[in-house]
> 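Right, I'll just put the structure down here and ask away after.
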Amino acid sequence: MPKDKRARKFKHPITIDGHVLRPESLMMSYGYNPEWSEGALKCPIFQTSTFVFKTAEEGKRFFEIAYGLREKEVDEKIGLIYSRLNNPDLEILEDRLTLWDQAENAAVFESGMAAITTSLLSFLKPGDVILHSTPLYGGTEFLIENILPKFNIDHHHFYARDQYIRLPELAEQYGSRVKIIYIETPANPTNDLIDIEFCADIAEQLSEKRGEPVYLFVDNTFLGPLWQQPLRHGADLVIYSATKFIGGHSDVVAGAVVGPEEIVDTIKFHRSIMGTMAGPWTGWLLMRSLETLKLRMTAQMKNARYVARFLDEHPMVEKVYYLDLLPEDSEQFKIYRKQCTAPGSIISFDIHGGEKEAFKFLNSLKLIKLAVSLGSTESLAEHPATMTHADIPPEKQREMGITEKMIRLSIGVENPEDIIKDIEQALEQAFKG
Ligand SMILES: *Cc1c(COP(=O)(O)O)cnc(C)c1O
């Protein structure tokens with residue numbers, strides 16, 4: 001991708017006398033002025049469906065912009081109209097969400113799936129093709145395989161292990177029909193990595209072939225926004241299930257996208273029509289979560305490193321799937337070095353035996369909770385083959401590297417020795433008798 005196209009996606013940094021402020025320093029205040037709310041230090045919850053216009057002329061102006069009836073003037077901002085179109089809690093949250101990825105624009109949704117669905121439907125039309133990595137999040141895979149085909153939108157997939165061969169083949173074969181390359185990296189639950197820059201280059205080549213933009217969308221839920229920033233590597237849109245690390249407390253379902261102005265604006269327009277925006281309470285909860293995002297993700301990642309090392313040395317564990325344990329001479333390690341800055345806190349491992357041993361392990365955990373979802377303050381464990389990935393037929397699961405003996409862990413902020421003690425005793429229980 002040409003350098004200028006990449007550069008265009010970034011916002012100017014915020015500085016004090018030329019010193020660039022880091023996102024964690026801005027998460028408490030950016031985008032909010034206490035004078036707007038009686039001096040309240042914290043942004044209140046604007047629990048209102050509609051907003052009062054000062055004059056009829058003002059109302060007319062706001063709608064002209066909201067409905068695209070005329071071009072925005074320089075520095076002209078859309079005023080507050082109605083909470084399906086805009087709301088202060090969402091706007092301030094969106095401003096803060098741009099900071100980690102250094103994106104121009106952001107949009108938040110009431111779920112990760114709402115973010116994914118709205119983003120795809122904003123750009124696809126009948127006859128288009130999606131090329132995607134697999135495995136994808138179950139809901140996304142279902143949308144692409146079972147719902148979009150009803151609208152004559154086709155899909156073809158590639159694996160991490162064959163990405164450098166299969167993706168160019170698919171691009172060659174479906175070239176003029178491809179509209180979106182959609183990837184999830186690291187993949188769930190195997191932590192397989194897809195090369196973002198490589199996919200961005202293919203999207204760029206296809207754009208030229210098709211004579212209109214072909215986009216690379218990246219679901220960055222597992223490592224972002226702290227440990228992987230796909231816009232830097234040429235992605236056109238970054239998608240989050242904010243239910244996971246961004247929310248981080250297992251108490252809210254939400255989604256977000258960040259990217260260049262024009263792409264996110266198009267998505268926001270469709271969000272207004274489809275009604276998939278987040279509510280003010282969700283927006284407020286996520287602003288609160290963002291203040292501790294770096295602290296939480298750093299503590300979780302450090303804990304996960306200890307846990308992965310412990311598992312790797314345990315005689316009852318066959319294989320550990322964790323980015324920190326990639327062999328240094330592997331292709332996967334090269335991708336890791338290029339696009340990730342830390343291994344994150346999702347670990348999968350194969351226990352010796354099969355479903356029986358895996359279930360005994362899960363049933364014996366005392367501190368770690370048996371639940372799906374991930375990225376929260378508490379550690380969670382689950383069995384992908386019969387839970388998160390149960391709708392995938394067994395033979396396809398095998399192809400994806402999902403086995404009956406696989407357990408997925410999401411490591412929280414507890415004391416690492418306590419987490420390890422719990423895993424140690426549950427492994428012991430799994431092989432008793
Ligand atoms: C959870 C998840 C989603 C879906 O998000 P929801 O907030 O549950 O709608 C999408 N992608 C990934 C990688 C996820 O983990």
Side-chain angles (χ1 to χ4, degrees), residues 93 97 101 106-121 130 132-148 157 160 180 182-194 196 217-228 230 235 237-258 267 271 274-279 281-283 285-286 289-290 297 300 304 321 323 340 344-348 371-376 380-384 387-392 400 402 408-412:
L93 168 66
L97 275 171
D101 286 287
V108 283
F109 299 83
E110 201 57 27
S111 71
M113 282 313 302
I116 293 164
T117 308
T118 309
S119 300
L120 289 175
L121 291 179
I130 303 177
H132 70 91
S133 65
T134 198
L136 289 178
Y137 179 72
T140 313
E141 196 118 2
F142 192 90
L143 173 72
I144 292 176
E145 289 194 349
N146 297 293
I147 298 180
L148 294 181
H157 66 262
I180 290 171
Y182 189 102
I183 64 173
E184 204 173 295
T185 182
N188 175 15
T190 51
N191 270 329
D192 286 338
L193 295 173
I194 305 289
I196 299 169
F217 287 8
V218 181
D219 183 329
N220 199 32
T221 300
F222 268 44
L223 282 186
L226 260 291
W227 314 131
Q228 182 172 267
L237 188 75
V238 177
I239 301 176
Y240 292 104
S241 167
T243 310
K244 316 296 165 55
F245 289 96
I246 292 174
H249 296 73
S250 299
D251 56 7
V252 60
V253 172
V257 302
V258 301
I267 294 170
R271 181 185 68 171
M274 295 175 187
T276 47
M277 73 296 153
W281 172 226
T282 298
L285 278 172
L286 291 183
S289 290
L290 278 181
M297 286 190 78
Q300 287 169 270
Y321 305 79
L323 297 176
C340 318
S345 52
I346 310 300
I347 305 169
S348 292
V372 299
S373 198
L374 53 96
S376 181
L380 298 177
E382 67 111 7
H383 188 246
M387 296 171 193
T388 44
H389 296 68
D391 62 329
I392 301 166
M400 292 174 171
I402 300 166
R408 188 188 75 189
L409 300 173
S410 171
I411 302 300

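When a ligand or atom number is given, it counts from 1 through the structure's own listing order.
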> If you measure every N/O of Asn188 against every N/O of ligand 1, is any gap under 3.5 Å?
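In this structure, Asn188 places no N or O atom under 3.5 Å from an N or O of ligand 1.
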
> Please check this pair: side chain of Thr221 against backbone of Tyr240, looking for a donor-acceptor N/O pair closer than 3.5 Å.
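A pair under 3.5 Å: no.
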
> How long is the gap from CZ on Phe109 to OG1 on Thr282, to the nearest 0.5 Å?
13.0 Å

> Using only atom types and a distance under 3.5 Å, with no angle test, would you say the side chain of Asn191 pairs donor to acceptor with the backbone of Ser348?
no

> What distance do Thr134 atom OG1 and Met400 atom CE have between them, rounded to the nearest 0.5 Å?
3.5 Å

> Could you find the nearest protein heavy atom to atom 5 (O) of ligand 1 and give me its residue, atom name and distance?
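Protein heavy atom at minimum distance: Ser241 OG, 2.9 Å.
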
> Measure from the side-chain N and O atoms of His389 to the backbone N and O of Asn188, and report whether any donor-acceptor pair falls under 3.5 Å.
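At least one qualifying donor-acceptor pair exists.
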
> Going by the side-chain contact (heavy atoms from CB on, under 4.5 Å) test, name the single residue among Leu136, Leu120, Ile130 that passes it with Leu143.
Leu120

> Looking only at distance, does Glu184 have an N or O less than 3.5 Å from an N or O of ligand 1?
no

> Please list, in number order, the atoms of ligand 1 under 4.0 Å from a heavy atom of Ser111.
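Contacts of ligand 1 toward Ser111, numbered from 1: 7 (O), 9 (O).
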
> Checking contacts here: is it the side chain or the backbone of Ala254 that comes within 4.0 Å of ligand 1, counting heavy atoms only? Could be both or neither.
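Under 4.0 Å from ligand 1, Ala254 contributes backbone atoms alone.
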
> Judging by distance only, is a nitrogen or oxygen of Gly112 under 3.5 angstrom from one on ligand 1?
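For ligand 1, there is an N or O atom that lies under 3.5 Å from one belonging to Gly112.
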
> Specify the protein heavy atom at minimum distance from atom 1 (C) of ligand 1: its residue, its atom name, and the distance to 0.1 Å.
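In this structure, atom 1 (C) of ligand 1 has Lys244 NZ, 1.4 Å as its nearest protein heavy atom.
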
> Applying a strict 4.0 Å limit to heavy atoms, is Ile116 in contact with ligand 1?
yes

> Has Ser376 got a side-chain atom pairing as donor or acceptor with Ser250's backbone, closer than 3.5 angstrom?
yes

> Name the closest protein heavy atom to atom 7 (O) of ligand 1, giving the residue it belongs to and the distance to 0.1 Å.
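For this ligand atom, the closest protein heavy atom is Thr243 OG1, 2.6 Å.
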
> Among Tyr137, Tyr240, Phe222, whose heavy atom sits nearest atom 4 (C) of ligand 1?
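Ranked by closest heavy atom to atom 4 (C) of ligand 1, first place is Tyr137.
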
> Please write down residue, atom name and distance for the protein heavy atom closest to atom 9 (O) of ligand 1.
Met113 N, 2.8 Å

> For residues Gly247 and Ser289, report the shortest heavy-atom separation together with the two atoms involved.
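Between these two residues, the closest heavy atoms are O-OG, 2.6 Å.
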
> Under 3.5 Å, N or O to N or O, is Asp219 touching ligand 1 that way?
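N/O-N/O distance under 3.5 Å: yes.
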
